[in-house]
Every structure is written in C-alpha cells, then in structure tokens.
Amino acid sequence: MGNKTALPGLRDASRRLRAAPRNVAKMAAELPQTTARKMRRSPRVRVIRLVGETSPGLAGMMALYVLADGILPILALVALGRAVGRIPAAVQHGLGSASGHALVTALAVGTAAYALSLLRGPVEALLEAYCSAAMSTGMQRRLARAVCAPDGVEHLEDPRVLDRLALASGELSASAPADAPMALASVLGDRLSGLLACVTLATFRWWVGLLFLVGWTAIRPPLRRMMAARANLVRAATPDLRHAWYYLGCSYRPMFAKEMRLFGLADWILGRHRVAWLSGMAGPWRQLRRLRHWTLAFGLVVAVMYAAGAGALGLAAYHHAISLGTVAVMLPMFPSTMQAGGISVADISLEQMLASVPDLDEVVTGLRAAPVPGARDVAGRPAASIRFEQLTYRYPGADRPVFDGLELELTAGESLGLVGINGAGKTTLITLLARLREP
C-alpha cells in the first residue's frame, strides 16, 4: 500500500525532472524580455528618458557631470598620494633631478584635478537650477495637457486623479519630482567614484578591493528597498496628507481665513490638520525607525570590512612591503568606497522624488480624450427645448445621488431661475446642461 502511494509522487517528480530543461530554456528565453520590461518600468530609467525628451542638451551635460563627479576626486587623491610618495626621493636628489621632476608632475596633475573637482559645486548648483526649471516646466505642461484632454470636469473631482496630481506636481512634499534628474546624476557620480576607489584598492591587494565592492554591493540593495518602501508608504498616505494640507490652507488662504477667524475655528482646523498629518506619516515614520535599526546592523559589517582592509594596509606598511606613496594613495580610498554603496540623506530624498514618477506617467497616460456619447453639432440648437428625462447623477465616491429621476424641460427663448440652498445641485445642473458631466 505504501508503494502504491509513492508511485504517483515518483511519477510527478520524474515528470518535473524531464520538464526542467524545457522550463529553464523557457526562462532563459524570457529573461531578456522580463529584464527589458523591468528597465522600462524603473523610475530611474523613466526620469532619464524624460530628461532626454525635455532637453537632449541637458541630458548630455548631466552625463558629463556624472563622469566628472566620479573621476575627478579619485584622480586628485591618487595623484596627490603619488606626489607624497615622491617627496623623500626629491628631497634627497633635489628638484632638478628626475625624482624632483616626477614630484612636480604629480603635484601638477593632483592640483589640477583637485581644482577641477572644486568646480563641481558651482556646476552642480547651476545644472540643478536649470534642470529643476526645465523639468518643472516640462512636467507641468504634460500634466496640463493630460487634465485638459478629457471632455468635462468629472475627472478633476475624482479623488484618485487628484491624489496622483498632488503627488506628480510635488505639492505634498519638499522633494519635487522635477528635482529627481539632478539628484540621480549626483548619486550616479558618487557610485562611480566609489567603484573607482574599490578598483584602486584592488591594485594594492585584489581581495581588499573585492571585499569592499562586494560588501557595499550587498549592503546597498536592502537599504535602498527599505527607502523605496518608505517613499511608497508616503505615496500611499496621499489622501491623508492632501486633507492635512487642505486643512492647513484653510487657516491662511483668503477665501477661508475670514470665516475661520469670524467663527473662532482656528484651533479646530489646526487640530484636524494635525490628526490627518500624523495619520498619514505614521507608517513612513515606523519604516524610518526600522531603517535606522538595519543601518546600525550593517554598520557592524562595515566596521569588519574596514578593520580587515586597513589592517592589511597597516601590516604591509609595518613590514615595509609597500612604499610611502602606496600608503598615501590607499588610505583616502577607504572612506571613498562608502560612495559605492553607502546610504545618505540624498538617497532618501531621491527615493521620495522617484516615488512620484509613476503617478506622473499614470496621469499622462490615463487621462485620454473620449468621445461624448450621442454628441451632435450644436449649430442652431436648441430648436425647441432641452429636456431631461429621469436624470440621475451621483458624484464619484458619494453615498447618495444629487439628482434621482429629475424631469426638466427648458423651452427655447424663455428664462428660468434656479433658487436653492448651498449644495442643492444648482451648479451641478448647469454643468450637466453644458455636458461637462455625464448623467
């Protein structure tokens, strides 16, 4: 009886083993397409593509900035370190000797690279201002074209559309999506600089460079995923945050501020703002606390990496296995490797900026012009009257309809006055007559 029970399991296992090569081949064939889809959906790729569409010249300047930001600091450190190593020989033989000429050359190269690296700050500020203005204008134009595409106004009252608009425009955060391209360029420059530092350390001991490269490469992805998760939590909290900003605006915007002060509602409206804001930020703050704990845990791994690398360098120097120039070059490389995978405030801000990119895409691609059902040329109309028969209308997300079974006829050439309290539906009826809403 046990053998009979085992036979079907053995057959299933044998079938899976025979099918394994086909499944592996299928996965290998689909891998490029899957990778390409992931790349297209990546917010980083979308931002780079958006820069190219907005200003190809700006994209070229940002690429040059990334190369300069990554290469110049390492080049300056290497050249100045080599210059330090040539000082004893130059002192012994004089500046007119070959050793002295080598010292002067190394100092010239290092000084030039350092001077150029100092220009990164002003260049970055200039590029950041230009990029922010260009991208902000480009994104606003895209959003304006998108919200004007559909006929009517119903999409402008859909909470989901309004949430995406608030995120895409950056009005709920200090990290605007228009600032993402330059922030991404700065982060890419740091990554390149950290990679070159690891390569430089590998020229001392191959395993030291590999240790730092693998260590930072392993540490960065989980931390970046946690930062992305926090940014998505902020994105998910958009309804609460949008309400919080609405309540706060009621305290100082002219259209609301008079009533707030007249009826003594300032404390009440600010209390509503506080409740909505704390509700929206509770999740991101919890995630930030977890990020701190993981950062401390990974800090222990980093400490082991630095102890091993610096210990190897110190031991080699103690036994005179390496020159003074090698020590002077390699020592500043250790902190420079942090840029290969370290997490900074700039990375957190970048993830918050990138979190809004999908909302920009969804607004631009999701709002399409659609033909109005039964639309006809309005020339010469109405010939006799406009008539509503059993009209019903409900706002998106509302619990009850504004109109239910409305019967109304407006005769051509006559006037009709609509009288009613606020919220009775007067404006809604006008927008229905103008076909800005669909009953």
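Only this structure's heavy atoms are used, side chains among them; waters, hydrogens and symmetry mates stay out. Only a predicted model underlies this, so the values are computations on that prediction, with no experimental measurement involved.
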Can a salt bridge be assigned to the pair Arg261 and Glu259 using a cut-off of 4.0 Å between side-chain N and carboxylate O? no
Using a strict cut-off of less than 4.0 Å between a Lys/Arg side-chain nitrogen and an Asp/Glu carboxylate oxygen, indicate whether Glu53 and Arg142 qualify as a salt bridge. yes
When rounded to the nearest 0.5 angstrom, what distance separates [atom1] in [X] from [atom2] in [Y]?
| X | Y | atom1 | atom2 | value |
| --- | --- | --- | --- | --- |
| Ile74 | Leu192 | CD1 | CG | 8.5 Å |
| Glu124 | Met62 | CD | CE | 10.0 Å |
| Met338 | Met305 | CE | CE | 9.0 Å |
| Leu313 | Leu201 | CG | CG | 8.5 Å |
| Leu195 | Asp190 | CG | CG | 12.5 Å |
| Leu416 | Leu408 | CG | CG | 6.5 Å |

Is there a donor-acceptor contact under 3.5 Å from the side chain of [X] to the main chain of [Y]?
| X | Y | value |
| --- | --- | --- |
| Arg191 | Gln339 | yes |
| Lys426 | Val419 | no |
| Ser136 | Ala133 | no |
| Ser279 | Val275 | no |
| Thr411 | Glu414 | no |

Less than 4.5 Å apart, side chain to side chain, heavy atoms only: is that true for [X] and [Y]?
| X | Y | answer |
| --- | --- | --- |
| Pro239 | Asp163 | yes |
| Phe388 | Leu432 | yes |
| Asp179 | Met135 | no |
| Met182 | Tyr65 | yes |
| Pro181 | Val47 | yes |
| Met260 | Ser251 | no |
| Ile386 | Glu409 | no |
| Leu406 | Tyr393 | no |

Minimal non-hydrogen separation, [X] against [Y], with atom names:
| X | Y | value |
| --- | --- | --- |
| Val109 | Ala79 | CG1-CB, 3.9 Å |
| Ala244 | Trp277 | CB-N, 3.7 Å |
| Pro73 | Ser117 | N-CB, 4.4 Å |
| Ile269 | Cys250 | CG1-CB, 3.9 Å |
| Ala197 | Ser336 | CB-CB, 3.7 Å |
| Gly405 | Gln390 | CA-OE1, 3.6 Å |

Kindly check if the number of other-residue, nucleotide or ligand heavy atoms within 6.0 Å of [atom1] ([X]) is above 12?
| X | atom1 | value |
| --- | --- | --- |
| Tyr114 | OH | no |
| Arg394 | CZ | yes |
| Arg82 | CZ | no |
| Phe334 | CZ | yes |

Evaluate the side-chain contact (heavy atoms from CB on, under 4.5 Å) criterion for residues Val402 and Tyr395: first the C-alpha distance (whole Å), next the side-chain angles of each, then the deciding distance (0.1 Å), finally the verdict. CA-CA 7 Å; Val402 182; Tyr395 279 100; 3.4 Å; yes
Test side-chain contact (heavy atoms from CB on, under 4.5 Å) applied to Val147 and Leu165, step by step: CA-CA 9 Å; Val147 298; Leu165 279 173; 3.8 Å; yes
Should the pair His243 and Tyr247 be assigned to parallel (<30°), tilted (30 to 60°) or perpendicular (>60°) ring geometry? tilted
Under a 3.5 Å threshold, yes or no: a donor from one side chain and an acceptor from the other, between Tyr306 and Thr337? yes
Could you check Leu391 against Leu429 for side-chain contact (heavy atoms from CB on, under 4.5 Å), going step by step and ending with a plain yes or no? CA-CA 10 Å; Leu391 179 137; Leu429 180 60; 5.7 Å; no
side-chain contact (heavy atoms from CB on, under 4.5 Å), that's the test. Do Glu154 and Thr431 meet it? Break it down for me. CA-CA 10 Å; Glu154 286 180 304; Thr431 54; over 6 Å; no
